[in-house]
*Asks:* 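A single structure is presented below for examination.
Values reported hereafter were calculated over all heavy atoms of this structure, with side chains retained and with hydrogens, waters and symmetry mates removed. Order of the sequence lines fixes the chain letters, A, B, ..., with proteins taken first and strands second; residue numbering starts at 1 for each chain.
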Number of protein chains: 2
Amino acid sequence: MDIQLKRGILEVCVLKALEKQDSYGYQIIKDLSPFVLLSESTLYPILRRIEAAGCVTVYSVEHNGRLRKYYHLTPAGQARILGFLNDWNEVVKAYDFIRGNDDEKT
Amino acid sequence: MDIQLKRGILEVCVLKALEKQDSYGYQIIKDLSPFVLLSESTLYPILRRIEAAGCVTVYSVEHNGRLRKYYHLTPAGQARILGFLNDWNEVVKAYDFIRGNDDEKT
DNA sequence: TGAACATACTATACCATGCGCAGTATTGCG
DNA sequence: CGCAATACTGCGCATGGTATAGTATGTTCA
């Protein structure tokens, strides 16, 4: 996908990935891979950002001698997802303009 | 609309605005305003960018003693629009993941 | 008359974000 | 032992939307 089009979408994808259960970096990348590709250097800054924004809380769990950082979605994170879905209407408006409505139905 | 979500979309909106007839800066902003809002400081860099990319050609017309720069869509610009519509499938995939498919039909 | 506003374009600088690349450390497979 | 996978961190870059400001002309209205 074009990099620019991912802007603002990836962050919400990550939040959504945490909706059903808490998860950690590597797992999130794998879970999202069927829908959207993102690298570690993209994900980890996102995780820090949404933590700073209060959209997730973090706790560490030892796993094979290493610490795994689990992320847990907060109500603020939920609200962020809903806000995105709301904003999307405007994106669709722009998209519809670009697509044109020459053919009424597809 | 969230700034980040506009990324990559605005440029194609401008190209699309030039599809039916040549136009110039101020007019483009007015034509797009029902669909997407953009300021002059956003539009003019876009115009220079798409010109440099060969998506449009430019010619000046005198109007009330001032020069108006008209932009004309090239085949490359057309192709850019089609490329965007193609990329959009992946965006929809990410969006569908975020929206979830709890309700099968809307 | 002149202040305000619309038209029309230009230039500079800022900031957010996705990504490449590199580094650290452990487990497990061949 | 080398290499891949796991798991996380840090640096620096390019892109692109925006604020702010400046230039210049025509129209409107008090």
Side-chain angles (χ1 to χ4, degrees), chain A residues 1-15 17-18 22-33 35-53 55-56 58-71 80 84 87 90-91 94, chain B residues 1-15 17-18 22-33 35-53 55-56 58-71 80 84 87 90-91 94:
Chain A
M1 189 193 321
D2 176 47
I3 295 177
Q4 301 306 325
L5 294 181
K6 289 186 174 181
R7 294 253 174 173
I9 299 181
L10 289 187
E11 184 180 307
V12 186
C13 281
V14 172
L15 290 172
L18 298 173
D22 299 354
S23 188
Y24 55 95
Y26 235 71
Q27 188 62 41
I28 292 170
I29 289 177
K30 281 191 289 185
D31 288 347
L32 287 181
S33 64
F35 308 103
V36 62
L37 298 175
L38 74 173
S39 63
E40 296 174 64
S41 52
T42 299
L43 177 64
Y44 289 109
I46 287 177
L47 290 173
R48 269 176 244 129
R49 220 187 301 150
I50 61 182
E51 185 194 354
C55 292
V56 293
V58 190
Y59 58 93
S60 290
V61 173
E62 197 177 309
H63 176 78
N64 281 345
R66 269 164 302 173
L67 283 184
R68 229 184 222 168
K69 291 174 86 171
Y70 276 83
Y71 294 84
R80 178 78 178 76
F84 170 87
D87 276 5
E90 300 197 51
V91 174
Chain B
M1 187 190 324
D2 177 49
I3 295 176
Q4 301 305 324
L5 294 180
K6 289 186 172 180
R7 295 251 175 177
I9 299 181
L10 289 187
E11 183 179 307
V12 186
C13 281
V14 172
L15 291 171
L18 298 172
D22 299 355
S23 188
Y24 56 95
Y26 236 71
Q27 187 63 41
I28 292 170
I29 290 177
K30 282 192 287 184
D31 288 347
L32 286 180
S33 64
F35 308 104
V36 62
L37 297 175
L38 74 173
S39 63
E40 297 173 63
S41 53
T42 300
L43 176 62
Y44 290 108
I46 287 177
L47 289 173
R48 270 177 241 128
R49 219 189 300 147
I50 62 182
E51 183 193 355
C55 291
V56 293
V58 190
Y59 57 92
S60 291
V61 172
E62 197 177 308
H63 177 75
N64 280 346
R66 270 165 303 176
L67 283 184
R68 229 185 222 166
K69 291 175 86 170
Y70 276 83
Y71 293 83
R80 178 78 178 74
F84 170 87
D87 276 4
E90 300 196 51
V91 174

*Asks:* Taking C-beta and beyond as the side chain, do A:Leu5 and B:Phe84 meet within less than 4.5 Å on heavy atoms?
*Replies:* yes

*Asks:* Under the rule for side chain to side chain contact (heavy atoms under 4.5 Å, CB included), what residues qualify as partners of B:Lys69, not counting sequence neighbours?
*Replies:* B:Val58, B:Ser60, B:Tyr71

*Asks:* Can you sort out the partners of A:Glu90 under side chain to side chain contact (heavy atoms under 4.5 Å, CB included), two or more places apart, ordered by chain and number?
*Replies:* B:Met1

*Asks:* Applying side chain to side chain contact (heavy atoms under 4.5 Å, CB included), name anything that partners A:Phe35, two or more places apart in sequence or on another chain.
*Replies:* B:Phe97

*Asks:* Kindly write out the residues that satisfy salt bridge (Lys or Arg N to Asp or Glu O under 4.0 Å) with B:Arg68, not counting sequence neighbours, or none if the list is empty.
*Replies:* none

*Asks:* Tell me, for nucleotides 18-27 of chain D in 5' to 3' order, what letter each nucleotide earns: B for a base near a protein heavy atom under 4.0 Å, S for only sugar-phosphate near one, - for neither?
*Replies:* BBB---BB--

*Asks:* Is any side-chain N or O of A:Arg49 under 3.5 Å from a base N or O of C:dT17, one able to act as donor and the other as acceptor?
*Replies:* no

*Asks:* Just to verify, what does B:Arg49 make a side chain to side chain donor-acceptor pair (under 3.5 Å) with, not counting sequence neighbours?
*Replies:* B:Glu11

*Asks:* Please list, by residue number, the residues of residues 24-33 of chain A whose heavy atoms come closer than 4.0 Å to an atom of DNA chain D; answer none if no residue qualifies.
*Replies:* A:Tyr24, A:Gly25, A:Tyr26, A:Lys30

*Asks:* If you pin B:Glu11 and A:Arg48 to their nearest nucleotides in DNA chain D, which one's is more 5'?
*Replies:* A:Arg48

*Asks:* By side chain to side chain donor-acceptor pair (under 3.5 Å), which residues pair with B:Asp22, not counting sequence neighbours?
*Replies:* B:Tyr59, B:His72

*Asks:* I'd like to check the side chain to side chain donor-acceptor pair (under 3.5 Å) partners of B:Thr42; sequence neighbours left out, ordered by chain and number.
*Replies:* B:Ser39

